[in-house]
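Letters A, B, ... mirror the listed sequences (proteins, then strands); counts begin at 1.
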Amino acid sequence: MSKLLEFKCIKFTADELHLENVLQCGQAFRWVFHEKLGHYSTTLKVGDRFRIVVVKQSEKDCIQYASLGKDGSEECAALYGFLKRYFRLEVPLGTLLKTEWLMRDSRFKHISPKGVRILAQDPWETLCSFICSSNNNIARITKMCHALSTEFGNLVGHYDGVDHYSFPTSRELTQRASEESLRVLGFGYRAKYIMATAKKIEHERLHLSDSEYLQSWKDNLEYEQIREKMMSFHGVGPKVADCVCLSGLQMDDVVPVDVHIARIAQRDYKFSAGKQDIMELQTRYRELPITRKKVNYELDVIRSRFKEKWGNFAGWAQGIVFAQEVGKTSGATSESTAIKRRLEFAVKIEGQEQQLLVKKQNLDMISTSAIEKVVEEKIEYTITGRPKRKTASNVTYGS
DNA sequence: GAACAGCCTCTTGG
DNA sequence: ACCAAGAGGCTGT
């Protein structure tokens with residue numbers, strides 16, 4: 001039982017920021033949705049330490065927020081400033097639509113932004129999250145990002161019965177995790193990428209934190225060079241690199257091209273890569289060996305065209321177009337697997353490979369009896385896997 | 001450089 | 001019931 005939080009309010013309309021469309025649609029993966037309360041909670045590094053941050057959108061023109069510190073303290077003077085940046089409240093969607101996108105692209109006559117914004121997320125967490133995203137669906141990416149925190153992060157506190165952990169630093173990952181333990185947790189072939197990336201960045205960052213190090217690239221380097229460095233991490237190709245630039249480094253004009261955006265480009269815009277386009281890019285990437293190796297020129301031409309068409313906030317336009325294209329797709333989770341997942345999180349592990357293996361084996365054995373118990377206790381907390389189809393899509397969660 | 005199989009795991013459609 | 005295909009890609013040949 002936690003006492004009621006004191007929420008404060010930011011005046012901001014749902015047209016400009018719609019929490020569901022921003023926190024559960026494949027950009028951020030570590031928000032927990034509390035169904036009964038209508039709250040979202042996660043841990044975020046506010047100032048120099050992690051806090052539990054809670055937000056909700058019960059009224060149309062207001063975002064309510066509160067936070068909890070490790071010691072249970074609710075007050076955090078820096079929180080308003082943090083959220084203002086996290087949600088990029090200085091960027092006016094409605095104005096961009098009128099003065100930029102509508103002028104440049106008639107497609108936007110039939111689109112409303114629906115409060116889809118690009119967040120200013122922590123660069124290191126964004127990098128790890130999108131390494132997990134390759135050939136994957138939102139439900140499982142969400143599960144994996146929560147696993148990183150609960151297994152290898154530090155306990156920050158509890159909210160509404162849910163334990164909240166920090167997102168682990170590269171050092172914490174190299175010390176506490178291993179490829180094998182990540183595989184047992186369901187990371188598949190991405191386990192190797194995560195460990196290799198953690199080791200590499202820990203070695204490179206020197207006195208800076210993981211995120212300060214990534215952020216520092218922006219001070220001295222242009223987009224192409226930043227992407228080149230980003231793709232020097234194992235498991236990071238052009239699409240993942242662009243996602244980290246956009247959502248982790250606030251590079252608002254970067255357009256990540258995935259299969260959906262590529263399909264839209266060909267179907268609706270008739271973008272096609274000519275010999276000339278490809279040769280221009282090849283010239284531009286002359287000094288960038290990793291880019292030359294990893295980039296797909298067909299897709300890179302599409303990326304470049306969209307950036308020209310949509311302008312300085314092309315990445316935001318991409319987010320809106322993407323949301324409207326696939327807003328409600330794929331990977332619906334059945335209730336029984338949802339219960340099983342809740343169990344997986346309920347079984348507390350300490351990050352040792354052997355214990356992890358034992359857990360994996362035991363899960364099947366305890367399922368039947370334990371599931372009934374879980375149902376009795378009632379499921380109150382959900383990590384949202386996907387938009388729209390609420391009951392089917394939510395991954396249940398608890399402790 | 002381009003093309004293609006293979007990769008972990010889960011879900012859905014046939 | 002079962003299997004193939006695909007999921008907001010990347011790596012290695």
Side-chain angles (χ1 to χ4, degrees), chain A residues 21 24-29 116 118 126-127 129-145 147 179-197 227 230-244 246-247 254-265 273 275 277-279 281-283 285-286 288-303 306 315 318-338 340-341 344 360 363 385-387 389 392-395:
Chain A
N21 291 345
Q24 329 184 14
C25 291
Q27 185 180 175
F29 300 96
V116 175
I118 302 299
T126 307
L127 177 59
S129 303
F130 282 96
I131 286 174
C132 295
S133 78
S134 81
N135 201 1
N136 208 348
N137 56 61
I138 295 176
R140 188 149 78 109
I141 303 165
T142 300
K143 184 187 157 200
M144 289 158 73
C145 290
E179 180 182 341
E180 186 49 35
S181 62
L182 288 175
R183 277 185 176 269
V184 173
L185 287 167
F187 282 68
Y189 58 84
R190 305 162 198 84
K192 196 198 302 181
Y193 304 158
I194 292 288
M195 291 312 295
T197 297
R227 194 172 55 153
M230 206 68 86
M231 286 194 288
S232 71
F233 293 113
H234 203 35
V236 178
K239 193 270 181 180
V240 170
D242 284 341
C243 286
V244 179
L246 176 61
S247 189
V254 173
V255 179
V257 177
D258 55 48
V259 289
H260 299 285
I261 295 297
R263 184 178 62 241
I264 291 169
K275 279 263 192 306
D277 301 310
I278 292 179
M279 278 176 55
L281 289 168
Q282 287 175 339
T283 313
Y285 300 152
R286 203 175 29 200
L288 304 173
I290 303 175
T291 304
R292 283 206 316 267
K293 186 173 152 195
K294 293 193 176 185
V295 82
N296 173 327
Y297 285 99
E298 300 275 330
L299 297 181
D300 206 54
V301 168
I302 291 172
R303 181 194 61 70
F306 273 131
Q318 175 272 353
I320 290 162
V321 168
F322 179 91
Q324 115 122 28
E325 173 81 6
V326 286
K328 45 196 162 189
T329 46
S330 84
T333 310
S334 72
E335 201 54 31
S336 65
T337 58
K340 192 155 178 177
R341 268 186 205 164
E344 288 191 29
K360 179 88 173 176
L363 258 180
R386 270 150 280 58
R389 301 177 49 187
S393 68
N394 292 341
V395 179

Inter-nucleotide P distance (C/dG9, B/dG1), Å rounded: 24 Å
Each nucleotide N or O in nucleotides 2-5 of chain C that has a protein N or O under 3.5 Å away: list the pair and distance.
none

Pairing residues for A/Arg292 by the side chain to side chain donor-acceptor pair (under 3.5 Å) criterion, not counting sequence neighbours: none
Restricting both atoms to N or O, compile the protein contacts to nucleotides 2-4 of chain B shorter than 3.5 Å, with distance only.
none

B/dC7 OP1/OP2 closer than 4.0 Å to side-chain N/O of A/Arg190: no
For A/Gln27, all residues meeting side chain to side chain donor-acceptor pair (under 3.5 Å), sequence neighbours excluded: A/Ser247
Spacing between A/Ile141 atom CD1 and C/dG8 atom P, to the nearest angstrom: 7 Å
A/Gln282 side, atom CD; A/Lys275 side, atom NZ - distance, nearest 0.5 Å: 10.0 Å
Under the side chain to side chain donor-acceptor pair (under 3.5 Å) test, residues paired with A/Tyr285 that sit two or more places apart: A/Arg227, A/Asp300, A/Arg303
Beyond-backbone contact of A/Pro256 with A/Leu246, side-chain heavy atoms, under 4.5 angstrom: yes
Between the protein and nucleotides 10-13 of chain C, list the N/O to N/O atom pairs that are separated by less than 3.5 angstrom.
residue	atom	partner	partner atom	Å
C/dC10	OP1	A/Gly237	N	2.8
C/dC10	OP1	A/Gly237	O	3.2
C/dC10	OP1	A/Val240	N	3.1
C/dT11	OP1	A/Gly235	N	2.9
C/dT11	OP1	A/Lys294	NZ	2.9

Heavy-atom check, side chain of A/Val326 versus side chain of A/Arg263, under 4.5 Å: yes
Base-pairing string, 5' to 3', of DNA chain C - Watson-Crick or wobble, under 3.5 Å, | interstrand: .||||||.|||||
Test side-chain contact (heavy atoms from CB on, under 4.5 Å) applied to A/Ala28 - qualifying residues, sequence neighbours left out: A/Trp31, A/Tyr86, A/Leu119, A/Gln121
Atom pair distance, as rounded to whole Å: CD1 in A/Ile131 and P in B/dC8: 16 Å
A/Tyr285 OH - B/dG1 P separation (whole Å): 12 Å
Sequence neighbours left out, cut at 3.5 Å: what donor-acceptor pairs do the side chains of residues 230-237 of chain A make with other protein atoms?
residue	atom	partner	partner atom	Å
A/Ser232	OG	A/Lys200	NZ	2.9
A/Ser232	OG	A/Lys229	O	2.5

Non-neighbouring partners of A/Phe130 that pass ring-ring contact (aromatic ring centres under 6.0 Å, His included), sequence neighbours left out: A/Phe29
Residue pair A/Cys243 / A/Thr126, side-chain heavy-atom distance below 4.5 Å: no
A/Leu299 CG - B/dG1 P separation (whole Å): 16 Å
Minimum heavy-atom distance A/Arg140-A/Gly186, with the two atoms named: NH1-O, 2.8 Å
Rounded distance in Å between the C1' positions of B/dA2 and C/dG8: 24 Å
Any A/Phe322 side-chain heavy atom under 4.5 Å of A/Cys25 side chain: no
Interatomic distance where CG belongs to A/Asp242 and C1' belongs to C/dG8 [whole Å]: 13 Å
Side-chain donor/acceptor contact of A/Arg140 with base of B/dC8 under 3.5 Å: yes
Closest contact, heavy atoms only, A/Asp258 versus A/Ile261: OD1-N, 2.9 Å
Inter-nucleotide P distance (B/dC8, C/dC2), Å rounded: 26 Å
A/Asn136 side chain reached by A/Arg190 side chain, heavy atoms, under 4.5 Å: yes
d(CG, A/Asn137; P, B/dG13) in whole Å: 14 Å
Atom-to-atom span, CD1 of A/Ile302 to P of C/dG8 - whole angstrom: 18 Å
Pairwise P distance, C/dA1 and B/dT9 [rounded to whole Å]: 23 Å
Separation of atom CD1 in A/Ile290 from atom P in B/dG1, rounded to whole Å: 14 Å
